[in-house]
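These notes concern the structure reproduced below.
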2 protein chains.
Amino acid sequence: MKELKQRSTCPVSTSLDVLGDKWTLLLIRDIVFVGKSTYGQFLQSEEKIATNILADRLAVLEAQGLITKAVAADKKSKFTYRLTEKGLDTVPLIVELVLWGAKHCPTIADPSLLAELQASKDTAVEKYQRLAREKALE
Amino acid sequence: MKELKQRSTCPVSTSLDVLGDKWTLLLIRDIVFVGKSTYGQFLQSEEKIATNILADRLAVLEAQGLITKAVAADKKSKFTYRLTEKGLDTVPLIVELVLWGAKHCPTIADPSLLAELQASKDTAVEKYQRLAREKALE
DNA sequence: TACCTTTGCTTGCGATTTGCAAGTGCAAAG
DNA sequence: CTTTGCACTTGCAAATCGCAAGCAAAGGTA
């Protein structure tokens with residue numbers, strides 16, 4: 001069991017103890033907005049995560065209850081990673097990261113997604129959470 | 001000039017290149033929600049940041065245009081760190097961190113702040129951004 | 001049956017980053 | 001002219017990261 005040390009009782013600090021690194025939220029992005037679910041798919045992302053870091057982060061996310069690991073439906077030698085409700089609750093955070101990055105940094109964001117988020121954050125958050133939940137039932 | 005390498009053009013990834021670590025958003029929390037503005041005040045936080053890490057993060061935040069550094073009004077040998085508009089735009093992110101941490105982790109949050117955030121995120125965000133802007137004019 | 005591929009990790013190791021303690025420089029106060 | 005407060009800087013050991021290679025089991029192919 002991967003355990004994390006809690007630096008203080010402040011919710012901002014404690015959230016960062018779990019999510020505060022360069023990779024964790026990218027994995028959740030891949031699950032929610034790109035529809036990925038397997039180790040191999042995570043490795044193919046543009047940012048090129050190292051295999052040991054990926055294995056470590058998946059273990060932490062599972063230990064902290066943000067994702068579940070299950071044998072894939074199509075192949076018994078594959079695993080499927082899905083978000084729990086605790087994991088799905090990070091979607092608003094990722095939405096804020098999209099909006100901040102798109103506004104203040106040189107990035108390339110899908111214009112239709114951006115418009116959707118700017119029109120109504122809450123609606124978009126609920127939509128992507130619902131889509132991820134539906135995928136988990138396949 | 002502290003420069004960061006951009007791993008991809010994705011806004012989530014690029015935001016994390018700047019904000020994705022355990023300390024950066026804690027400093028912004030201290031400025032916005034605790035009203036801190038000097039090196040010495042940042043050092044006193046519960047999480048106990050090391051002095052070299054603090055100096056490094058302040059330099060990165062200034063280089064990336066999230067904070068400004070100015071001689072303090074009361075004492076010429078002191079510096080005052082304030083948020084720019086780019087920095088203030090991370091407030092929604094911190095609000096989401098508060099809400100996620102308070103909901104899913106064993107934390108101690110100010111109940112009145114929590115109620116305020118849950119009642120209306122947007123209103124609260126605007127309020128704390130306004131308060132931070134007003135402080136910058138002192 | 002024997003071989004090859006896919007998939008999901010694990011291991012080794014050099015490089016970078018972190019955390020702790022101590023020290024430095026400089027302006028203002030006494 | 002010494003002391004104090006503030007903002008760093010430096011040294012160093014420990015931890016983490018990133019790259020490349022290796023490994024084991026499931027499943028497909030011949």
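This structure is a prediction, so every number in the text was calculated from the model and none was measured. Numbers restart at 1 for each chain; the letters A, B, ... are given by sequence-line order, proteins then strands.
- The side chain of B/Lys69 contributes an N or O atom lying less than 4.0 Å from OP1 or OP2 of D/dC8.
- The listed nucleotides are D/dG18, C/dC20, D/dC8; the one nearest the side chain of A/Ala50 is D/dG18.
- Atom CG in B/Leu43 sits about 13 Å away from atom P in C/dC20, given to the nearest Å.
- Distance from the side chain of B/Arg57 is smallest to C/dT18 among C/dT18, D/dA26, C/dA28.
- Counting non-hydrogen atoms under 4.0 angstrom, A/Asn52 reaches a base of the nucleic acid.
- For the ring-ring contact (aromatic ring centres under 6.0 Å, His included) test, no residue two or more places apart in sequence or in another chain qualifies with B/Tyr39.
- The nearest whole Å value for the distance from the CD1 atom in A/Ile53 to the C1' atom in C/dT10 is 13 Å.
- Within the 4.0 angstrom heavy-atom criterion, no nucleotide atom of any strand lies near B/Lys22.
- With respect to the salt-bridge test (charged N to carboxylate O, under 4.0 angstrom), the residues B/Arg7 and A/Glu46 do not qualify.
- Taking the ring-ring contact (aromatic ring centres under 6.0 Å, His included) definition, one finds that B/Phe42 meets it with nothing, sequence neighbours left out.
- Here the rule is side-chain contact (heavy atoms from CB on, under 4.5 Å) with A/Leu61, and of A/Ile31, A/Thr24, A/Thr84, A/Leu83 only A/Thr24 fits it.
- With distances taken from any side-chain atom of A/Lys78 to the nucleotides D/dA7, C/dC9, C/dG8, the minimum falls on C/dG8.
- When distances are taken from the side chain of A/Thr51 to each of C/dT18, D/dG27, D/dA21, the shortest belongs to D/dA21.
- Contact annotation: B/Trp23 reaches the phosphate of C/dG19 (side-chain N/O to OP1 or OP2, under 4.0 Å).
- The nearest whole Å value for the distance from the CG atom in A/Asp21 to the C1' atom in D/dA15 is 15 Å.
- Distances from the side chain of B/Ser77 to the nucleotides D/dA7, C/dT7, C/dA28 place C/dA28 closest.
- Spacing between atom CZ of B/Phe42 and atom C1' of D/dA7 amounts to 12 Å, rounded to whole angstrom units.
- Nearest to the side-chain atoms of B/Tyr39 among the listed nucleotides D/dT9, D/dC6, D/dG27 stands D/dT9.
- A side-chain donor from one of A/Asp110 and A/Ser112 sits under 3.5 Å from a side-chain acceptor of the other.
- Going from atom NZ of A/Lys76 over to atom C1' of D/dA25 covers 14 Å, rounded to whole Å.
- Rounding to whole angstrom units, NZ of residue A/Lys48 and P of D/dG18 are separated by 14 Å.
- Set against C/dA28, C/dG12, C/dC9, the side chain of A/Ala55 has C/dC9 as its closest nucleotide.
- Going from atom CG of B/Leu58 over to atom C1' of D/dT9 covers 14 Å, rounded to whole Å.
- Between A/Tyr81 and C/dT7 there is no side-chain N or O to OP1 or OP2 distance below 4.0 Å.
- We find that NZ of B/Lys5 is positioned 13 Å from P of D/dC17, with the value rounded to whole Å.
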